[in-house]
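The figures here come from the full heavy-atom set of this structure, side chains too, leaving out hydrogens, waters and symmetry mates. Protein chains get the first letters and strands the later ones, always in sequence-line order, with residue 1 at the start of each.
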Number of protein chains: 2
Amino acid sequence: MPKYVDKDARRRGVAAALRRIAAREGLEGVSIRTVAAEAGISAGAVQRDFPTKDELLAFAFHDAVDAVAERFSRIRIGPGRAGFAEGLRAVLLDLLPVDDERRAQARVWAAFYARAAVVPDFARTLADLDGLSRTALRAAVGYAVEQGELAPGLDPEEAVELLLVLVDGMWLTAARRPPGASVDPQRAAVDAAVAAVTGASSREPRR
Amino acid sequence: MPKYVDKDARRRGVAAALRRIAAREGLEGVSIRTVAAEAGISAGAVQRDFPTKDELLAFAFHDAVDAVAERFSRIRIGPGRAGFAEGLRAVLLDLLPVDDERRAQARVWAAFYARAAVVPDFARTLADLDGLSRTALRAAVGYAVEQGELAPGLDPEEAVELLLVLVDGMWLTAARRPPGASVDPQRAAVDAAVAAVTGASSREPRR
DNA sequence: TGTGTATTGATACGACTGTATCGGAAGCGG
DNA sequence: CCGCTTCCGATACAGTCGTATCAATACACA
């Protein structure tokens with residue numbers, strides 16, 4: 001039969017267009033028409049791929065969540081991989097918006113994050129992501145305890161919660177960084193975070 | 001001459017109405033008409049107080065920033081006041097959304113925060129707030145160093161940056177907490193943060 | 001090559017947006 | 001009590017929103 005088209009690929013393309021707009025002007029600038037224009041197709045085409053705007057937003061959101069989850073899962077901390085301090089440092093540095101792509105991604109994240117404060121579905125998705133990060137961090141912190149790399153006074157479970165909050169803070173602080181500003185303060189925060197959680201010194205050894 | 005009205009008071013009232021809406025449905029639900037209805041006045045009256053919507057948003061934002069700044073400045077850490085650990089714990093616990101008012105405030109904050117990722121004026125205001133917090137934290141950390149309460153390996157300047165990020169993370173994580181959820185994870189994060197930064201133990205001494 | 005169906009762009013609709021304009025209500029100085 | 005100035009609510013306007021509808025198009029198969 002006639003005229004077939006790769007639907008999933010185009011759905012992802014439309015979602016990417018939405019994120020480009022969201023990175024530029026926030027979720028407020030996102031409409032069926034603007035997204036269609038950014039994607040280079042007509043508004044009618046967008047309507048067919050996503051019958052309603054909520055579905056479009058939800059899809060783009062889940063796509064963004066997946067991208068962030070993938071970014072985290074790329075760095076595994078544990079036996080045979082990176083040590084705890086190095087791994088933690090890598091995760092946190094990965095959130096620093098050193099290039100435009102990462103800065104754009106952070107701004108999109110901030111937009112969706114704010115929506116999660118108001119739309120329960122979004123909040124649930126972020127809570128799920130928390131769950132994933134929690135188990136990953138639990139494993140990493142457990143490994144740190146084995147290696148004696150966790151700061152002596154820290155309760156492992158509590159350390160996991162601290163790191164969760166820290167990651168959110170890094171990511172969102174990054175979102176509001178103006179284009180020309182220096183990343184040094186954030187780099188300092190990363191150094192301090194690694195030092196505080198591992199109990200090591202941030203002054204002499206590394207850098 | 002005729003008919004006088006307290007303009008500033010009503011401007012604040014309108015801004016408060018805006019924030020109530022923002023806490024409930026986000027900045028997307030904010031329009032001249034909805035704000036007017038929430039404030040119990042006509043749309044024309046809002047227009048007189050705020051000729052343009054941007055001015056209204058900016059005013060409400062600055063009001064919210066002032067409220068947050070005031071919340072922080074209420075707790076002074078230093079000689080004669082609270083010790084560093086207690087003061088830090090108090091600041092962080094103050095961000096926990098234990099009541100509805102605080103949760104609403106956090107959601108409003110998230111909305112404005114996301115806008116700061118996209119509107120340079122908002123970003124500048126938050127950067128100014130960072131400046132304020134930075135000097136306050138510098139004093140507190142300096143005091144901690146004197147008292148030997150700072151974790152031994154931590155660079156004071158870096159510790160300040162870490163705390164800045166941490167506060168943002170606490171506040172924004174709070175914003176997306178569903179109404180019924182427990183605050184225990186966040187309380188754990190606070191305990192860990194205090195322990196990690198002071199170098200003390202989070203297991204036995206306090207709690 | 002013709003045919004039938006999946007896809008498309010355009011157009012229509014009602015609701016809502018921000019903003020401008022304006023006639024009447026309201027209150028104080030005389 | 002009057003006049004004048006400030007305030008207020010309503011209405012008007014052009015634009016955009018999300019969504020529905022529909023004729024025209026483009027393609028795979030016979």
side-chain contact (heavy atoms from CB on, under 4.5 Å) against B:V91, all qualifying residues, sequence neighbours excluded: B:F72, B:I75
Distance in angstrom units between B:K7 NZ and D:dC8 C1', rounded: 14 Å
Side chain to side chain donor-acceptor pair (under 3.5 Å) involving A:D121 - partner list, sequence neighbours excluded: A:R124
Whole angstrom value for the distance that separates C1' of C:dT8 from CG of A:D49: 11 Å
For B:D99, all residues meeting salt bridge (Lys or Arg N to Asp or Glu O under 4.0 Å), sequence neighbours excluded: B:R102
Separation of atom CD in A:E25 from atom P in D:dC17, rounded to whole Å: 10 Å
OP1 or OP2 of C:dT8 under 4.0 Å from side-chain N/O of A:R10: yes
A:E70: salt bridge (Lys or Arg N to Asp or Glu O under 4.0 Å) partners, not counting sequence neighbours: A:R74
Whole angstrom value for the distance that separates C1' of D:dG18 from CZ of A:R48: 16 Å
Could you go through nucleotides 16-20 of chain C and list every protein N or O atom that sits under 3.5 Å from one of its N or O atoms, giving the distance for each pair?
from, atom 1, to, atom 2, distance (Å)
C:dT17, OP1, B:S31, OG, 3.2
C:dG18, OP1, B:K53, NZ, 2.7
C:dG18, OP2, B:I32, N, 3.0
C:dG18, N7, B:R33, NH1, 2.9
C:dG18, O6, B:R33, NH2, 2.9
C:dT19, OP1, B:T52, OG1, 2.6
C:dT19, OP2, B:T52, OG1, 3.4
C:dT19, OP2, B:K53, N, 2.8
C:dA20, N7, B:Q47, OE1, 3.1
C:dA20, N6, B:Q47, NE2, 3.0

Pairs flagged by side chain to side chain donor-acceptor pair (under 3.5 Å) wherever residues 24-42 of chain B is involved - sequence neighbours left out: B:R20-B:E38, B:R24-B:E38, B:S31-B:T34
With A:R89, the side chain to side chain donor-acceptor pair (under 3.5 Å) member among A:D94, A:T198, A:D191: A:D191
Pairing residues for B:D54 by the salt bridge (Lys or Arg N to Asp or Glu O under 4.0 Å) criterion, not counting sequence neighbours: B:R115
Length of the CD1-C1' vector between B:I41 and D:dG9, whole Å: 11 Å
Positions of residues 15-23 of chain A (non-hydrogen atom under 4.0 Å from DNA chain C), listed by number: none
Among B:R11, B:R10, B:R12, side chain to side chain donor-acceptor pair (under 3.5 Å) partner for B:D49: B:R10
Side chain to side chain donor-acceptor pair (under 3.5 Å) involving B:S73 - partner list, sequence neighbours excluded: none
If you look only at distance, which donor and acceptor atoms sit under 3.5 Å apart when one is on a side chain in residues 55-64 of chain B and the other is two or more places apart or in another chain?
from, atom 1, to, atom 2, distance (Å)
B:H62, ND1, B:A58, O, 2.9
B:H62, NE2, B:T125, OG1, 3.4

Gap between atoms CZ and C1', on A:F50 and C:dT8 respectively (whole Å): 17 Å
Terminal axis angle for the helix from C:dT1-D:dA30 to C:dG30-D:dC1, five pairs an end, nearest 10 degrees: 0°
Partners meeting side chain to side chain donor-acceptor pair (under 3.5 Å) with A:D130 (sequence neighbours left out): B:R176
